[in-house]
Amino acid sequence: MTAVKVRQEDIIACTPVDNNKIYIREETGHFQKIRRYLNVMLVALFVALPFLQYQGQQAILFDVGRQTLTLFKWVLYPQDLMIFALLFILAAFVLFLVTRHFGRVWCGFTCPQTVWTLAFNWIERRIEGTHNQSKALDKQPNSLQKVRVKILKHGAWLSVSTVTALVFMSYFYPATRLYGEFFTFTAPALISGWTIFFAVCTYANAGWLREKMCTHMCPYSRFQAAMFDNSTSLVTYNDTRGERRGPRKRFSQHKELGDCVDCNLCVQVCPAGIDIRDGIQYECINCGLCIDACDKVMTKFGYAQKLINYTRAGKSAGRKFTNYLYGAAIVAILLAMVGWALDRQDFEASISRDRNSLYRENIDGHIENTYTLTVLNKTRVFKTYDIGLIGTSDMRILNASSIRVAPGEKRIVPFSVEALTLSNIPMRSLRFEVIDRENGSAIESEVTFYSGQSARM
């Protein structure tokens with residue numbers, strides 16, 4: 001097999017993978033405070049939502065076995081897939097619009113990968129000490145103390161990962177049963193297996209992969225640059241004010257130097273390990289940690305803050321027109337969702353003919369046709385449905401004037417329709433109406449009735 005030599009000039013793009021661990025320095029400040037409050041709220045919602053109860057049952061539950069999604073009083077089935085498609089399309093357009101204005105703020109403030117990565121880093125700092133102490137610990141030869149600290153850290157990571165996986169699985173399996181069954185080893189093998197799988201994924205992503213997940217695996221970090229323009233607010237370094245950088249003593253006069261004291265704190269606090277002073281980079285997640293770090297240094301040296309800040313390069317031509325397009329798309333999707341909600345029935349009904357026979361003649365000499373009614377109750381309460389004929393008075397329904405259906409039950413009921421008078425028309429259309437007795441909503445179905453007159457003639 002002949003080896004193919006790739007010339008350097010033929011390479012369009014090359015992404016180096018740095019195997020060195022990034023030791024994230026902890027930081028406090030304005031943007032870190034916003035992120036922590038927001039993350040605490042989001043994680044609290046994530047944990048608490050599965051425990052909400054509605055009418056004695058879990059309010060939010062995705063039942064994979066029954067293929068249903070329960071949202072309080074609504075139960076969505078695969079037939080309701082349109083609302084999921086509309087919801088994902090709406091989320092995509094909102095995300096595109098936010099990205100166009102504020103860059104990757106989703107990644108920096110609300111993305112689960114960032115939330116759990118910084119949470120794991122917080123645990124690491126509590127156990128191993130500062131980022132420098134953690135780095136020194138990794139360089140030390142193996143010892144009893146080092147092994148003890150590492151076991152404690154990874155044990156804490158695995159504990160958080162397990163709880164995270166259990167919370168996630170509680171959206172698919174009743175939360176009131178999941179925790180007790182999992183820790184007493186009585187949970188179904190499928191549930192235990194998926195819980196362990198998601199625990200391992202969380203541990204690997206937040207503990208080991210970290211920024212590599214964002215820079216090399218997440219497609220959003222790649223195509224987000226196509227959404228930026230001159231009006232996008234991005235974390236940038238003011239090189240005009242900061243250069244020429246260099247160290248100096250506090251409150252000393254260095255007219256030949258810029259405001260950047262070259263402390264490298266902006267690099268040490270960055271979850272992606274980049275130097276924002278090198279310009280805009282696709283790895284940047286707009287988290288603002290470098291802004292908080294730099295502002296503290298500027299205050300200590302008596303300089304103005306915001307050497308690093310969210311800034312816009314200028315105004316982009318056509319920005320208003322693009323905003324109108326995004327806005328129109330979002331409004332159109334919202335209207336479609338409202339239309340879907342207004343048109344949606346909380347039950348499904350269909351009527352089909354019995355294919356085994358066209359018709360039969362009963363003991364009274366009347367023609368009968370046999371049909372099958374299929375009713376799906378998509379609510380969480382018992383329902384009674386009435387079956388009626390529309391626009392005809394010479395026929396009647398036998399055996400199934402009304403049926404009672406349990407929550408989530410799909411009932412199949414055979415019934416007959418009897419023609420009370422003879423007809424010269426061999427085939428005619430019948431319109432049925434299935435009515436919810438409680439709220440009066442109805443579903444119509446049209447099928448064929450055979451009178452058999454063509455055969456007699």
Side-chain angles (χ1 to χ4, degrees), residues 21-28 32-52 60 62 106-131 133-135 137-138 145-185 187 190-215 217-218 269-273 285 287 289:
K21 177 182 176 181
I22 296 176
Y23 296 87
I24 306 173
R25 178 191 178 108
E26 273 197 302
E27 188 53 70
T28 59
Q32 177 68 341
K33 185 181 295 185
I34 293 175
R35 176 175 24 263
R36 283 188 173 171
Y37 286 155
L38 185 60
N39 291 169
V40 168
M41 181 187 68
L42 292 175
V43 172
L45 282 174
F46 173 64
V47 174
L49 284 178
F51 290 95
L52 292 178
I60 302 175
F62 185 15
W106 159 262
C107 297
F109 288 85
T110 57
C111 176
Q113 178 69 23
T114 302
V115 173
W116 261 258
T117 295
L118 293 179
F120 275 41
N121 183 71
W122 183 88
I123 294 173
E124 187 175 56
R125 298 284 78 80
R126 303 285 82 74
I127 297 175
E128 294 187 354
T130 66
H131 69 294
Q133 291 174 329
S134 183
K135 187 185 299 184
L137 180 65
D138 286 347
Q145 174 66 12
K146 180 177 180 179
V147 171
R148 186 188 69 82
V149 171
K150 291 297 182 181
I151 290 176
L152 183 61
K153 181 186 76 172
H154 288 281
W157 281 2
L158 285 170
S159 299
V160 173
S161 301
T162 302
V163 173
T164 302
L166 284 169
V167 173
F168 182 73
M169 286 302 299
S170 65
Y171 285 87
F172 300 87
Y173 190 77
T176 53
R177 295 162 49 192
L178 175 63
Y179 293 89
E181 292 181 1
F182 182 81
F183 289 110
T184 57
F185 305 102
L190 183 64
I191 300 300
S192 298
W194 278 112
T195 302
I196 295 172
F197 172 77
F198 286 120
V200 171
C201 288
T202 304
Y203 171 75
N205 287 343
W208 294 92
L209 294 177
R210 294 192 174 185
E211 79 287 345
K212 294 179 178 63
M213 176 64 69
C214 302
T215 56
M217 301 180 190
C218 178
V269 301
C270 179
I285 58 175
C287 64
L289 285 171

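Counting begins at 1 with the first residue of the sequence. Below, each value reflects all heavy atoms present in this structure, side chains not excepted, and no hydrogens, waters or symmetry copies.
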Exam field: side chain [X] to backbone [Y], donor-acceptor pair closer than 3.5 Å:
{"X": "Ser134", "Y": "His131", "result": "no"}
{"X": "Ser170", "Y": "Ala175", "result": "no"}
{"X": "Tyr171", "Y": "Phe46", "result": "yes"}

- [ ] Identify the residue among Lys135, Lys150, Lys146 that makes a side-chain hydrogen bond (donor to acceptor under 3.5 Å, both in side chains) with Glu128.
- [x] Lys150
Open item on the list: So if I apply the side-chain hydrogen bond (donor to acceptor under 3.5 Å, both in side chains) rule between Glu26 and each of Gln32, Arg125, Arg126, which one comes out positive?
Closed with: Arg126
If I take atom [atom1] from residue [X] and atom [atom2] from residue [Y], how far apart are they, to the nearest 0.5 angstrom?
{"X": "Thr164", "Y": "Asn205", "atom1": "OG1", "atom2": "CG", "answer": "11.5 Å"}
{"X": "Ile151", "Y": "Leu158", "atom1": "CD1", "atom2": "CG", "answer": "11.5 Å"}
{"X": "Leu209", "Y": "Gln113", "atom1": "CG", "atom2": "CD", "answer": "7.5 Å"}
{"X": "Cys201", "Y": "Ile196", "atom1": "SG", "atom2": "CD1", "answer": "12.0 Å"}
{"X": "Thr114", "Y": "Asn39", "atom1": "OG1", "atom2": "CG", "answer": "8.5 Å"}
{"X": "Ile285", "Y": "Thr215", "atom1": "CD1", "atom2": "OG1", "answer": "10.5 Å"}

Note, [X] side chain near [Y] side chain (heavy atom, < 4.5 Å):
{"X": "Ile123", "Y": "Val160", "result": "yes"}
{"X": "Cys287", "Y": "Pro271", "result": "yes"}
{"X": "Leu289", "Y": "Arg35", "result": "yes"}
{"X": "Leu166", "Y": "Phe183", "result": "yes"}
{"X": "Gln145", "Y": "Arg148", "result": "yes"}

- [ ] Please list, chain by chain and in numerical order, all residues satisfying salt bridge (Lys or Arg N to Asp or Glu O under 4.0 Å) with Glu124, sequence neighbours excluded.
- [x] Lys21, Lys153, Arg210
Open item on the list: Before we go on, tell me: are the rings of Phe198 and Trp194 under 6.0 Å apart, centre to centre?
Closed with: yes
TODO: Give a yes or no on whether the ring-centroid distance for Phe197 and Phe168 is below 6.0 angstrom.
DONE: no
TODO: If the plane angle is over 60° it's perpendicular, under 30° parallel, otherwise tilted; pick one for Trp157 and Trp208.
DONE: perpendicular
TODO: Would you sort out whether Thr202 and Trp116 count as a side-chain hydrogen bond (donor to acceptor under 3.5 Å, both in side chains), showing the intermediate values?
DONE: CA-CA 8 Å; Thr202 304; Trp116 261 258; 5.7 Å; no
Task: Set of residues satisfying side chain to side chain contact (heavy atoms under 4.5 Å, CB included) with respect to Ile191, sequence neighbours excluded - done: Met169, Tyr173, Leu178, Pro188, Thr195
TODO: Specify the closest pair of heavy atoms between Thr184 and Gly180, including all atoms of both residues, with the distance to one decimal.
DONE: OG1-O, 2.5 Å
Open item on the list: Using the ring-ring contact (aromatic ring centres under 6.0 Å, His included) criterion, which residues pair with Phe182? Sequence neighbours excluded.
Closed with: none
